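What you are looking at is a predicted structure, and each value in this text was computed from that prediction instead of being measured.
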Amino acid sequence: MKKGKVIIIGGNKRAGKTTLTMLLHNKYNFNYYNYDMLLDSLEESFKELQDHNDDKYIKLLNEMVKRSLDDANNYGVSTVYEYIFTPKQLNEFKYKDDVDIYFLANLDITEENIKEDMKNYSKPFDWPSYASEEDIERNVKEIINKNIILKEQCEEYKYKLINTSRGDNRDKILNNLADLISEDK
């Protein structure tokens, strides 16, 4: 039986994490966990968790990945986790040497083109489609600042940062990355 894989995709908002995850799921049959949805559900259910500190969720990730590694080894099941994890957070992750970790960011963005990209890459149910102008402005600044942090932390913790770019090039990059990830599955 082929051994499965466990993948973690971290990085910036609007960088293609969900797109890559869905490519792996639809094309290569990876199970997937959208950590955004999981954490939002936990915080809505348990209001005391709403402290704007995601570091506490690395313990949860450790337990979930432990079980996914068992499924990969015992049943050949491949799983992908995606969230806005940072290299610093995943450096504390217990199973970092047992999984493949990829960080994504659109490093070609500017304050001028990011709003256009938010609209181009958003589905009708994605938050930029219904966010206020004020929320979009706040997120533009967060995304640009997060790119700086990702560059610094990826270098510091020796993780590769993949520039998902813009336009047609973005689709090629994400498709090629999905193919690369699945190769030795």
CA sep, side-chain torsions, deciding dist, call: Thr110, Asn113, side chain to side chain contact (heavy atoms under 4.5 Å, CB included): CA-CA 5 Å; Thr110 63; Asn113 66 27; 3.4 Å; yes
Smallest separation among heavy atoms of [X] and [Y], with atom names:
X      : Y      : result
Thr164 : Ala15  : OG1-O, 2.8 Å
Gln153 : Lys88  : OE1-N, 3.0 Å
Phe93  : Asn62  : CD1-OD1, 3.0 Å
Arg166 : Asp108 : CD-O, 3.8 Å
Ile162 : Leu177 : CD1-CD2, 3.7 Å
Ile84  : Asn12  : CG2-C, 4.3 Å

Kindly work out whether a path of hydrophobic side-chain contacts (I/L/V/M/F/W/Y, heavy atoms less than 4.5 Å apart) joins [X] to [Y].
X      : Y      : value
Tyr159 : Tyr83  : yes
Ile149 : Ile109 : no
Ile181 : Leu174 : yes
Leu24  : Leu38  : no
Leu104 : Leu161 : no

Walk me through whether Val99 and Ile101 qualify under side chain to side chain contact (heavy atoms under 4.5 Å, CB included). CA-CA 6 Å; Val99 302; Ile101 298 174; 3.7 Å; yes
To the nearest 0.5 Å, tell me how far Asn163 CG sits from Arg170 CZ.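 Going from CG on Asn163 over to CZ on Arg170, the span is 10.5 Å.
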From OH (Tyr95) to CD1 (Ile8), nearest 0.5 Å: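 Spacing of OH (Tyr95) from CD1 (Ile8) equals 11.5 Å.
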So for atom [atom1], which belongs to [X], do other residues, nucleotides or ligands contribute more than 12 heavy atoms lying within a distance under 6.0 Å?
X      : atom1 : result
Lys172 : NZ    : no
Glu63  : CD    : yes
Glu111 : CD    : no
Asp168 : CG    : no
Lys160 : NZ    : no
Glu142 : CD    : yes

Checking Tyr32, Tyr33, Tyr81 against Thr21 for side chain to side chain contact (heavy atoms under 4.5 Å, CB included), the one that qualifies is Tyr32
Under 3.5 Å: donor-acceptor pair, side chain of [X], backbone of [Y]:
X     : Y     : result
Asn26 : Leu23 : no
Asp71 : Val77 : no
Glu82 : Ile9  : no
Glu44 : Ser41 : no

Heavy-atom side-chain contact between [X] and [Y] under 4.5 Å:
X      : Y      : answer
Phe103 : Leu90  : yes
Tyr28  : Asp179 : yes
Asn31  : Val80  : no
Thr79  : Met64  : no
Asn147 : Asn145 : no
Val6   : Asp100 : no
Lys96  : Asn91  : yes
Leu39  : Leu49  : no

Is the shortest distance from a Lys or Arg side-chain nitrogen in Arg138 or Asp135 to a carboxylate oxygen in the other one below 4.0 Å? yes
Lys115/Glu133 ion pair, N-O < 4.0 Å: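 Counted as a salt bridge, because a side-chain N and a carboxylate O are separated by less than 4.0 Å.
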Please test Glu134 against Ser132 for side chain to side chain donor-acceptor pair (under 3.5 Å), starting from the C-alpha separation and ending with a verdict. CA-CA 5 Å; Glu134 182 180 85; Ser132 69; 5.1 Å; no
Determine, stepwise, if the pair Leu42 / Leu60 fulfils side chain to side chain contact (heavy atoms under 4.5 Å, CB included). CA-CA 11 Å; Leu42 283 170; Leu60 176 63; 3.7 Å; yes
Under the criterion side chain to side chain donor-acceptor pair (under 3.5 Å), I'd like the reasoning laid out for Asp70 against Tyr75: C-alpha separation, chi angles, the key distance, then a yes or no. CA-CA 8 Å; Asp70 287 344; Tyr75 304 109; over 6 Å; no
Which class fits the ring pair Phe85 and Tyr35: parallel under 30°, tilted 30 to 60°, perpendicular over 60°?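 Judged by the thresholds at 30° and 60°, the geometry between Phe85 and Tyr35 is tilted.
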Please test Gln89 against Asp55 for side chain to side chain donor-acceptor pair (under 3.5 Å), starting from the C-alpha separation and ending with a verdict. CA-CA 6 Å; Gln89 286 172 317; Asp55 292 343; 3.1 Å; yes
